[in-house]
**Student:** 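Quick one: the structure is below, questions incoming.
Computed from a predicted structure; not experimentally measured.
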Amino acid sequence: MDDLIAARSQMALSLGFHIVFACIGMVMPFFMALSHYRWLRTGNLVYKNLTKAWSKGVAIFFATGAVSGTVLSFELGLLWPRFMEHAGPIFGMPFSLEGTAFFIEAIALGFFLYGWDRLNRWFHWFTGVVVGLSGLASGILVVAANAWMNSPAGFDYIPPAAPGEDGQYLNIDPIAAMFNDAWFSQALHMTLAAFVATGFAVAGVHALMILKKRNVEFHTRAFRIAAVFGAVAAILQPISGDISAKDVARRQPAKFAAMEAHFETSRSAPLVIGGLPDEERKELKYAIELPGMLSWLAHGDSEAEVTGLDRIPDDEEPPVLITHLAFQVMVGLGVLLMLTGLLYLIAAWRKREWLNKRWLLKLFVISIPMGFIAIEAGWTVTEVGRQPWIIYEIMRTADALTPMPGIAYSFYIFTAVYISLSIVVVFLLYRQIKMVPEIYDKP
Amino acid sequence: MLYVVITFLALSIILYFLLGGADFGAGIIELFTSQKNRGRTRKALYRAIGPVWEANHMWLIIAIVILFVGFPVMYTTMSVYLHIPLLIMLLGIIARGTAFVFRHYDAVKDEMQWLYNRIFVYSSFITPLFLGVLAGSLISGRINPDADSFAGAYIAGWLHPFSFAVGFFTVALCGFLAAIYLIGEANNAEDRRRFIIKARHMLIAAWLLGGLVFLTARLEAIPLQEWVFGNVPGLTAVILASLSLILLWYLLLRGKTQVLRVLAGFQVCMILFAVSYAHFPDFIIMQGGLTLSLFEHYSAPAIRGLGWALLLGSVLILPFLFYLFYSFQKKEE
Ligand code: HDD
Ligand code: HEM
Ligand code: HEM
């Protein structure tokens, strides 16, 4: 395996691992806070038990998210030192603020986990809300850093005099870098995605327990809290996705063309659904075409011209196959989740009798992994679609790589570690859920 | 602002050493505790570090963020030439953090506990060992950016007696900090006595290993002796550390635990101060006298933003952090 591929795979693996835990760590506190609130209001012990059961799960995820995040902050330098040397000072602002947010989160979590029956009840509840808010803030801040890589801002770039040398980064303005063009659309979309994925996964697990007739009361309350969050976010998600798509079309036409496998620049471009791009022949096979729709989606006008890959120099073309397929997966799952979410909301407001129907619960069980698959696919679109650039149109990924050879070995080690950790986490959660009757059923 | 940022960097390193060190040390103590007492040690340990371990960990992240935002050249030099020890330390951090939580939150207590415990104690040893190795390598003058072989560039910089001596010294200090800390957490005379003995052992180990650090420095022609003893502030720090050591030894049996903790913390601070004072502001010393200085190799525009972010952050954070420590202190009494 060559060093560049190994380093990219290792980065993708670590980020792909971290994001799962980060999303859960970001969203679960809100579920807990709602359940906690209901307990304080109604005095129904089920809600107290639910809050506690969830908080144990969250502790596992929080720790795994924290260590994998710590690893990431070193990994950026271990794998991409040339990138960090120049980018660090520019996109450091969100990272510095993120440090504050993480810190508040960690402190609030300390209060929350160990504060049962020790702190004032509402202050205790409030610490739980703070955990959620600061987690959300840190998520948004890191995404702003990633958005800067897609849409560099806040500095003037002087290209190198000779190839192989470094360019110069002058007049650095960290604030402008943080509020780059892409930060809003990405942060909005990512935040919603975290709610979608976590909401559906948690609701699905509890739905499964209801189907198995275990502790129906407990799991029903859990299911409803998670499902509402997931459903609302899933309905907003395509809207925010549309904002993102318009943004990408304007900012990064190469990525947009790769997402859509749009090989030739054209007016009234069709929107394609599915299909298998052939990168050699530069054509898309087996796709369904909706005439004019792509132009409309990208630029709000069905006649508008959409830049195709033919306008992009060959050595600046992102991998089309992966980007296109990942995009199709994300959008496909997004539509499915949106429909499930709609059904749930209709049930909750108009057709209460549906809520106990097995088909609805089964639908949620099937959705358990879908949100997370969509998240991984979405990041694949964003990151692979940015290639060959690590900083869009400024620095190439290959130029950022560490000079140390043998990265493949570190990739193998990380793969082994992350696979074992995933297995252990799943195993622990399984046990946690299995023990619910024994721990929480006793009055 | 540069001074603000450097102060925060120093502060986060010291706090990581003190709090994180005690945290690692708890695992080290568990490693050196006989099988039959381990369960009890573990309980005291969880009571002691459970509420705060997550916050302790943050100091490392703060330090690393300060480095890569404000002093990117140092961050990248370290990442490139000390890639391998950094990697090992990271694996240690992953293993330790996850094992600690897993063993506490596993809903079923069975043979898996044995595995978590194993992983926890060994990684508690490896991680500070390699933190020490990293610190040692940074000032050892052995990193060679011009080397043209793999071994020369990526191994010789850290695989030498001095850096490992520093590593083992760090481990002993962590164990010492933890033992002193745990004395206050013990809730019966028997445990208390055990931790006092542990503290003594760790202290003796630290002295011996400290001697080894000087010896290896000598062998490798690192002017450590001159750095520590060759200037008034360094010398004062050493004298203060020694005096506080005598006091500590005396108080071990009768003193109040708070006094012991302060003395132990003070001692470690003095050691850190003595070692870093002489070569400050040089942060990395490489082969051929090449040095990276905090006063020269920084990014001016980033430092400004970073300084404000840190000041703002500490205004928000510190009161809560104190309150967290305070709340859990209070409930003990
Ligand atoms: C639950 C997850 C999820 C779902 C259902 C969707 N997305 Fe998404 N998408 C993400 C999760 C995600 C993500 C993982 O969060 C990404 C990666 C980077 C980012 O900012 O968000 C993303 C990126 C992303 C991008 C690239 C943004 C960029 O590179 O700046 C576009 C154009 C879309 N999405 C569009 C959509 C559309 C039209 C959807 C219609 C249903 C959709 N997404 C559903
Ligand atoms: C889109 C991407 C990311 C999101 C949404 C995100 C979000 C989060 C969240 C919410 C946490 C808190 C852990 C928890 O609650 O479970 C976390 C932890 C962490 N993340 Fe990320 N993260 C992302 C990518 C990154 C990257 C690229 C880095 C490093 C450069 C990073 C560094 C960290 C660190 C150091 C922690 C540990 C902090 C702690 O101790 O709590 N994250 N992340
Ligand atoms: C957590 C969500 C994220 C996921 C799942 C993700 C995924 C990926 C993937 C798949 C790659 C490999 C691209 C390729 O090899 O073609 C990659 C590369 C990279 N990502 Fe991300 N990314 C995430 C967020 C971030 C953030 C927040 C940052 C930085 C602030 C970041 C920085 C990088 C860097 C430096 C690379 C390596 C260079 C490159 O291949 O472009 N990523 N990421």
**Student:** Name the option with the most non-hydrogen atom pairs under 4.5 Å to chain B; the candidates are A:His86, A:Glu85, A:Glu75.
**Tutor:** A:Glu85
**Student:** Does any non-hydrogen side-chain atom of B:Ile61 lie less than 4.5 Å from one of A:Phe95?
**Tutor:** no
**Student:** Without swapping roles, check the side chain of B:Tyr75 against the backbone of A:Met84 for a donor-acceptor pair under 3.5 Å.
**Tutor:** no
**Student:** For chain A, which candidate among B:Leu60, B:Val73, B:Leu306 shows the most heavy-atom pairs at distances under 4.5 Å?
**Tutor:** B:Leu60
**Student:** Which atoms of A:Ile413 come close to chain B, meaning under 4.5 Å heavy atom to heavy atom: side chain ones, backbone ones, both, or neither?
**Tutor:** side chain
**Student:** Taking the side chain as every heavy atom from C-beta outward, state whether B:Thr98 and A:Val67 have any pair of such atoms under 4.5 Å apart.
**Tutor:** yes
**Student:** Could you tell me the separation between the CG atom of A:Leu79 and the NE2 atom of B:His83, rounded to the nearest 0.5 Å?
**Tutor:** 6.0 Å
**Student:** Return the minimal non-hydrogen interatomic distance between B:Leu87 and A:Ser410, and the atom names on each side.
**Tutor:** CD2-CB, 3.7 Å
**Student:** More than 12 heavy atoms of other residues, nucleotides or ligands under 6.0 Å from OH of A:Tyr430: yes or no?
**Tutor:** no
**Student:** In Å, rounded to the nearest 0.5 Å, how long is the span from CZ of A:Phe414 to CD1 of B:Ile94?
**Tutor:** 5.5 Å
**Student:** Heavy-atom distance under 4.5 Å to chain A: side chain of B:Ile93, backbone, both or neither?
**Tutor:** both
**Student:** Measure B:Ile64 against the heavy atoms of chain A and call it side chain, backbone, both or neither at under 4.5 Å.
**Tutor:** side chain
**Student:** Is B:Leu91 close to A:Val417 at the side-chain level, that is, under 4.5 Å between some pair of heavy atoms?
**Tutor:** yes
**Student:** Quick one: which of A:Val424, A:Ile90, A:Leu97 has the most heavy-atom pairs under 4.5 Å with chain B, could you say?
**Tutor:** A:Val424
**Student:** Is the B:Phe68 ring parallel, tilted or perpendicular to the A:Phe91 ring (thresholds 30°, 60°)?
**Tutor:** tilted
**Student:** Counting only non-hydrogen atoms closer than 4.5 Å, does B:Phe8 touch chain A with its backbone (N, CA, C, O), its side chain (CB onward), both, or neither?
**Tutor:** neither
**Student:** For B:Leu90 and A:Val71, work out which heavy atoms get closest and say how close.
**Tutor:** CD2-CA, 4.0 Å
